[in-house]
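Index from 1, following the sequence. These numbers were taken from a predicted model, which means no experiment stands behind them.
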Amino acid sequence: MIYFGTDEVKRGWERYFDLCNSLEVRNEASEDADPSIATLNTWRTKSPKGFAFVIHADREIPKLLEAGYENNSTDLPPAFTEAWERTLLRAKALSAKAVIIETPPEFRPSENSRILIQKLGKTVGGQKLPVIWERHGLWGTEESIEISRSSGLVPCFDPFIADSDEIKPKKGNEVCFRITERAASRRQFDEYDFEKLVRWCSSYNRSFVLFNGRHKHLHAKVMSLITREL
């Protein structure tokens, strides 16, 4: 199964549902601006059967992981439990298909940060609700994939960058592909690119394809055409 979508609903829900079968729900700039539980419930009831919401974890979780790294700690703090419970409440309201934990560039690869990710996976990974780890900064693609797999988390990476580094898809249960835009002059991906993307997705039981960047809606439209043809 391939779930694909953007992080923004343009021109109304019906048009979005016709184009995509997934929506990435990010945290807003402030907690007060986040959609309420009632609003999330409304989104769920409006969505068609099989639609996938992918929600970001409570905004405190990346901060707690970063603080653990900075303090050279290898234990998840007690505050993590409350933050994760808040995450699950919002995920339940949406009947989310997955949760994303996105660590900032300041959460760098080190002995203690690797242990923190492993403990994170043992705490929340490998369960009915997939937990995606999306890293930023100095983490290498291959290393982050391996750590995610061994910890029960779902890796998130750009498959086109991975392919250029000769990192090939491995058969597995779930994966998350983050698609932004090409480097260099040709910024947009084309049908041929997305035909390759669909082949990469076929190595997994479920693939979450998240489009971002200036061309995200165009890319979602091309992906919709490709998947319907197939």
Taking only residues two or more places apart in sequence, or in another chain, which ones meet [X] in a side-chain contact (heavy atoms from CB on, under 4.5 Å)?
X	answer
Asp18	Arg228
Ala220	Thr6, Leu19, Cys20, Phe211
Ser148	Trp133, Leu153, Pro155
Ala38	Ser36

Discussion item. Could you walk me through whether Trp200 and Val175 satisfy the side-chain contact (heavy atoms from CB on, under 4.5 Å) test, starting with their C-alpha distance in whole Å, then the side-chain angles of each, then the deciding distance to 0.1 Å, before giving a yes or no?
Written reply: CA-CA 10 Å; Trp200 292 331; Val175 72; over 6 Å; no
Discussion item. Once ring pair (Phe, Tyr, Trp, His ring centres under 6.0 Å) is applied, do any residues pair with Tyr16, and if so which ones, sequence neighbours excluded?
Written reply: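 Tyr16: no ring pair (Phe, Tyr, Trp, His ring centres under 6.0 Å) contacts found.
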Practice prompt. Kindly determine whether Arg178 and Ile161 satisfy side-chain contact (heavy atoms from CB on, under 4.5 Å), including the steps that lead there.
Written response: CA-CA 10 Å; Arg178 173 73 70 185; Ile161 292 177; over 6 Å; no
Worksheet item: Applying the side-chain contact (heavy atoms from CB on, under 4.5 Å) test to Trp84, which of Leu89, Val131, Leu64, Thr123 qualifies?
Response: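 Answer to the side-chain contact (heavy atoms from CB on, under 4.5 Å) test with Trp84 among Leu89, Val131, Leu64, Thr123: Val131.
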Worksheet item: Name the one of Leu65, Leu120, Asp58 that satisfies side-chain contact (heavy atoms from CB on, under 4.5 Å) with Phe80?
Response: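 Passing option: Leu120.
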Smallest separation among heavy atoms of [X] and [Y], with atom names:
X	Y	answer
Thr141	Ala162	CG2-CB, 4.2 Å
Val99	Ala91	CG2-CB, 4.2 Å
Ala93	Asn41	O-OD1, 3.3 Å
Glu28	Ala33	CG-O, 3.3 Å
Ser47	Phe17	CA-CZ, 3.5 Å
Cys201	Ile2	CB-CD1, 3.6 Å

Rounded to the nearest 0.5 Å, what separation is found between the [atom1] atom of [X] and the [atom2] atom of [Y]?
X	Y	atom1	atom2	value
Arg26	Asp7	CZ	CG	5.0 Å
Ile55	Ser95	CD1	OG	11.0 Å
Ile37	Arg90	CD1	CZ	5.0 Å
Tyr69	Asn112	OH	CG	7.5 Å
Ile147	Leu116	CD1	CG	11.0 Å
Met223	Asp193	CE	CG	11.5 Å

Fill in: Mutual orientation of the aromatic rings belonging to Phe189 and Phe160 [parallel < 30°, tilted 30-60°, perpendicular > 60°]
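Ring orientation, 0 to 90° scale: parallel.
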Report the residues that fulfil salt bridge (charged side-chain N to carboxylate O under 4.0 Å, His left out) with [X], sequence neighbours left out, ordered by chain and then residue number.
X	answer
Lys92	none
Lys221	none
Arg44	none
Glu146	Lys170

Determine whether the side chains of [X] and [Y] contain a donor N or O and an acceptor N or O closer than 3.5 Å.
X	Y	answer
Arg135	Ser144	yes
Arg206	Asn173	no
Ser113	Ser110	yes

Discussion item. Can you pull out every salt bridge (Lys or Arg N to Asp or Glu O under 4.0 Å) where at least one residue sits in residues 30-42? Sequence neighbours excluded, please.
Written reply: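 Found Asp34-Arg59.
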Worksheet, complete the sentence: So salt bridge (Lys or Arg N to Asp or Glu O under 4.0 Å) across residues 103-120, not counting sequence neighbours, yields Asp75-Lys119, Arg114-Glu143
Fill in: Lys168 atom NZ, over 12 foreign heavy atoms within 6.0 Å
yes
Fill in: Co-members of the apolar cluster containing Val154 [side chain, <4.5 Å]
Met1, Tyr3, Val54, Ile100, Ile132, Phe208, Leu210
Practice prompt. Report the C-alpha separation of Asp165 and Glu142 in whole Å, then their side-chain angles, then the decisive distance to 0.1 Å, and conclude whether the side-chain contact (heavy atoms from CB on, under 4.5 Å) test is met.
Written response: CA-CA 9 Å; Asp165 291 336; Glu142 193 163 24; over 6 Å; no
Does any part of the side chain of [Y], heavy atoms only, come nearer than 4.5 Å to the side chain of [X], both counted from C-beta?
X	Y	answer
Phe4	Ser22	no
Pro104	His136	no
Val222	Asp190	no

Item to complete: Consider only side-chain heavy atoms of I, L, V, M, F, W and Y, link residues closer than 4.5 Å, and tell whether Phe177 and Leu23 are in one cluster.
Response: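 No, Phe177 does not connect to Leu23 through the hydrophobic network.
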Item to complete: Group every Ile, Leu, Val, Met, Phe, Trp and Tyr by side-chain heavy-atom contacts under 4.5 Å, then state whether Val124 and Phe107 land in the same group.
Response: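 Cluster IDs for Val124 and Phe107 match.
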Item to complete: Indicate, with yes or no, if the rings of Phe194 and Tyr192 have centres closer together than 6.0 Å.
Response: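 No, the ring centres sit 6.0 Å or more apart.
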Item to complete: With side-chain contact (heavy atoms from CB on, under 4.5 Å) as the test, would you mind laying out the steps for Ile167 and Ile145 before giving the verdict?
Response: CA-CA 10 Å; Ile167 301 171; Ile145 292 172; 4.3 Å; yes
